[in-house]
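Step one of this worksheet: look at the structure below.
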Amino acid sequence: MKFLALFSLIAPLASAAVIPDKVVTYDGYRVVRIATHGRGEAIERRLKTLNAVQYNFDTQERIEIAIAPEDLGKFEKMDLEYEVLDEDLGASIAEEGGFSPISASRQIFSSLDDLTSTGFPDSSWFNAYHTFAEHQQWLVDVQTGLPQNSELFEVGRSFEDKPINGIHLWGKGGKDSKPAVLWHGTVHAREWISAMVVEYLTYGLITGYNSNNTQVQKILDSYDFYILPVVNPDGFVYTQTTNRLWRKNRQKHPSNSCVGTDINRNWNFKWDTPGGSSTNPCDETFRGLGAGNTPENTALTKHAEALAANKGIKAYIDWHSFSQLILLPYGYDCNRQVDNYEKQMSLAQGVATAIAGASSAKTRFKPGATCPSLYKAVGGSTDWMQDVGKAEISWCIELRPSGGFGGSGFVLPANQIKPSGEEMWQGMLHLLTTM
Ligand SMILES: *[C@@H]1O[C@H](CO)[C@@H](O)[C@H](O)[C@H]1NC(C)=O
């Protein structure tokens with residue numbers, strides 16, 4: 001309450017032209033999982049009458065959805081079979097450690113060149129979630145750990161003109177001399193854990209290299225890493241200033257007041273295949289008015305094309321949450337299998353085994369092709385990287401939670417950042433030493 005009052009005082013001074021969207025608190029929202037028994041579409045239509053945010057778009061078996069408190073009575077009357085995943089989403093968001101709209105939107109740097117390092121970060125970074133500006137500072141700081149073998153880069157600008165940055169790491173062969181490992185985080189704005197895990201892995205590569213860990217040195221000597229923790233900066237900032245469950249970018253559309261395109265339905269490969277994305281700008285999976293027409297996608301495509309044309313892309317991973325899945329192409333066609341399916345599947349199984357072995361909790365990740373495992377998804381990054389980018393390995397990894405336990409989906413307690421990072425570090429060591 002306190003920061004809301006402050007915000008309304010300051011807002012008129014800050015901008016006369018732009019009225020900030022109303023902050024969504026999610027206090028009292030209940031997250032439920034509804035069993036659909038193959039009647040997903042019909043149930044979805046009924047749920048559309050509620051003030052609610054749907055989490056998943058594969059509704060054959062289940063629908064996970066956060067329902068506003070004023071509509072809980074109406075939901076009860078629908079008499080659906082469901083279980084409660086989170087009694088009060090607002091309380092979970094508070095526990096996760098949020099930001100005031102002011103702190104989340106202030107101090108965003110137009111370019112990383114505007115920052116100076118505050119020193120190599122320590123691992124306490126992974127005890128909490130962070131604002132976009134803090135992530136920018138972290139990249140500048142972590143780069144100082146490997147000054148001769150790394151550099152920061154910008155692939156382009158977001159719709160709201162924020163920089164899309166990454167860090168490039170290489171080994172003893174020199175810059176740009178080896179096949180690429182390319183990682184994208186936070187394409188879906190609300191999937192906060194993805195940036196943290198990508199950064200945990202980056203931190204492991206740099207500290208491992210510096211401490212003469214022979215396994216890590218061999219990895220960095222074999223591949224050039226291009227790591228982008230936040231590829232959707234506008235959406236990410238919006239999740240911290242305004243709406244924790246925002247997914248898309250913040251692109252405006254000429255003929256519709258709904259905002260945002262799903263960047264991960266916008267890739268220029270079989271983009272207009274029916275099903276698996278939406279043509280309605282108000283939907284969470286809106287594919288955009290043209291293939292690759294989001295500024296974010298344009299920038300990421302250009303970057304990936306350059307890597308493909310140089311030494312090729314050995315492995316691409318798009319980091320998402322949640323469900324604990326390792327997803328291979330294809331998403332656009334459920335009957336098409338990747339040419340090197342056996343190899344990719346066996347690597348993914350090895351990664352899943354390494355993850356399970358990382359802790360006594362034995363976290364289970366399930367590998368499989370996108371369409372049969374998750375749902376038909378058209379215009380996704382992994383299909384593009386496989387067929388157009390010619391990546392040998394092209395995965396989408398859905399991080400914690402599994403869906404049922406330990407957090408209510410996109411809102412994952414900060415004390416799970418380190419365990420998520422550590423299990424994925426073990427998984428990646430397997431992948432990067434055996435692929
Ligand atoms: C790593 O090896 C280099 C070269 O042999 C050496 O200069 C450096 O002190 C070593 N670092 C650590 C942390 O052992």
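Keep in mind the model is a prediction, meaning the values are calculated, not measured. Atoms within a ligand are numbered from 1 in the order they appear, just like the ligands themselves.
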Discussion item. Strictly below 4.0 Å, N to O, side chains only: are Asp383 and Arg336 in salt-bridge contact?
Written reply: no
Worksheet item: Do Arg265 and Asp283 sit within salt-bridge range, that is, some charged N less than 4.0 Å from a carboxylate O?
Response: no
Worksheet item: How are the rings of His135 and His130 set to each other: parallel, tilted or perpendicular (split at 30° and 60°)?
Response: perpendicular
Discussion item. Less than 6.0 angstrom separating the ring centers of His253 and Phe286, yes or no?
Written reply: yes
One line per pair, note the atom names and distance for all nitrogen or oxygen contacts under 3.5 Å between ligand 1 and the protein.
residue	atom	partner	partner atom	Å
ligand 1	2 (O)	Asn212	OD1	3.1
ligand 1	2 (O)	Asn212	ND2	2.4
ligand 1	11 (N)	Asn212	ND2	2.9
ligand 1	14 (O)	Asn212	ND2	3.2

Worksheet item: In terms of ring plane angle, is the pair Trp125 and Trp138 parallel, tilted or perpendicular, where the classes change at 30° and 60°?
Response: parallel
Item to complete: Any chance you could lay out the ring-ring contact (aromatic ring centres under 6.0 Å, His included) test for Phe120 and Tyr203, step after step, and finish with the verdict?
Response: CA-CA 10 Å; Phe120 190 70; Tyr203 196 72; 5.5 Å; yes
